[in-house]
Amino acid sequence: MSDVARVVVGREDIRRRIEELGRTITGDYEGRAPVLISVLKGGSVFLADLIREIALPVAIDYMSISRYGGAAESMGRVRIVKDLEQDIGGRDVIVVEDIVDTGLTLSYLISVLESRAPASVEVCALLDKSVRRIAPLEIRYVGFDCPDVFVVGYGLDFQERYRNVPDILAVQDLAALTADPDLLRPFLPRSGPASHEETAAASS
Ligand code: IMP
Ligand code: MG
């Protein structure tokens, strides 16, 4: 359909994997009530789908951060723009991330959370760009390993756009997309590749 980007993880694979993650988390935290924390904005789409696959009385909360320069320049240090509303002291915390890249941001964030004396802190990331890791980090729950390419969709943005693309796309020509940010419009809901699948399913 387009040479600018291609689907690397389709919506049906995302759905199935999240169902598995939800089942695993449900088993691991049996009898407990974890707080799932999403870092705005990328992780919010994943969080919304993930919590509906967890059969536990979970709580959710959000944090918003801003980097001092790039992740690498700032060594991951961030300014907390919006903090949690809940006290996580004594709670089981699961940080829900869209993607872990260098890991610098997340490892800093984990140190901030750990200073508040939670019972535990684990990470659940939909995508793991493990080849790019700088900060050693244990990610307990991973959706998919991610190649070292720029990905967009399912919460991930290109210049604040395309978070609502239902599939995860690998951008193959970033220069072309930068020159014309409209190029990914064919991947938006009801215009993307899966509309063919829906048609096929409906007629079968
Ligand atoms: P890092 O792990 O500290 O390098 O930063 C991870 C953050 O960078 C993620 O939470 C995303 O917001 C962003 N990020 C990293 N890789 C990508 C990508 O391929 N597409 C969109 N955002 C990305
Ligand atoms: Mg993020």
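Sequential numbering from 1 along the given sequence is applied to the chain's residues. It should be emphasised that the depicted structure is a prediction, and the values quoted were computed from it without experimental measurement. Start at 1 and go down the list; that is how both ligands and their atoms are numbered.
In summary, of the residues considered (Leu169, Ile99, Val9, Asp98), a side-chain contact (heavy atoms from CB on, under 4.5 Å) with Val151 occurs for Ile99 alone.
The residue among Tyr108, Phe150, Tyr162 with a heavy atom at the shortest distance from atom 18 (C) of ligand 1 is Phe150. Selection from Ile99, Asp101, Leu40, Asp157 by nearest heavy atom to atom 13 (C) of ligand 1 gives Ile99.
Heavy-atom contacts of Thr102 reach the following atoms of ligand 1: 1 (P), 2 (O), 3 (O), 4 (O) (cutoff under 4.0 Å). Those atoms of ligand 1 with a heavy atom of Leu156 less than 4.0 angstrom away are 21 (C), 22 (N). The contact set between ligand 1 and Val149, taken as ligand atoms under 4.0 Å from a residue heavy atom, comprises 19 (O). In the vicinity of Val151, heavy-atom distances shorter than 4.0 Å reach the ligand 1 atoms 18 (C), 19 (O), 20 (N), 21 (C). Near Thr105, meaning under 4.0 Å from one of its heavy atoms, ligand 1 places the atoms 1 (P), 3 (O), 5 (O). Of all atoms in ligand 1, numbered sequentially from 1 with element shown, those under 4.0 Å from a heavy atom of Lys129 are 16 (N), 17 (C), 18 (C), 19 (O).
Between Tyr62 and Leu47 there is a side-chain heavy-atom pair separated by less than 4.5 Å.
Phe158 and Phe150 have perpendicular rings, their planes meeting at more than 60° on a 0 to 90° scale where under 30° would count as parallel.
When the shell of 6.0 Å around CD of Glu160 is examined, it contains more than 12 heavy atoms from other residues, nucleotides or ligands.
Here Lys82 contributes atom NZ and Ile65 contributes atom CD1; the two are 12.5 Å apart, rounded to the nearest 0.5 Å.
Under a 4.0 Å heavy-atom criterion, Gly103 is in contact with ligand 1.
We find that Asp128 and Arg133 are joined by a salt bridge, their nearest charged nitrogen and carboxylate oxygen being less than 4.0 Å apart.
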One pair to check against side chain to side chain donor-acceptor pair (under 3.5 Å): Asp49 and Tyr154. What are the steps and the verdict?
CA-CA 10 Å; Asp49 283 343; Tyr154 199 77; 2.5 Å; yes

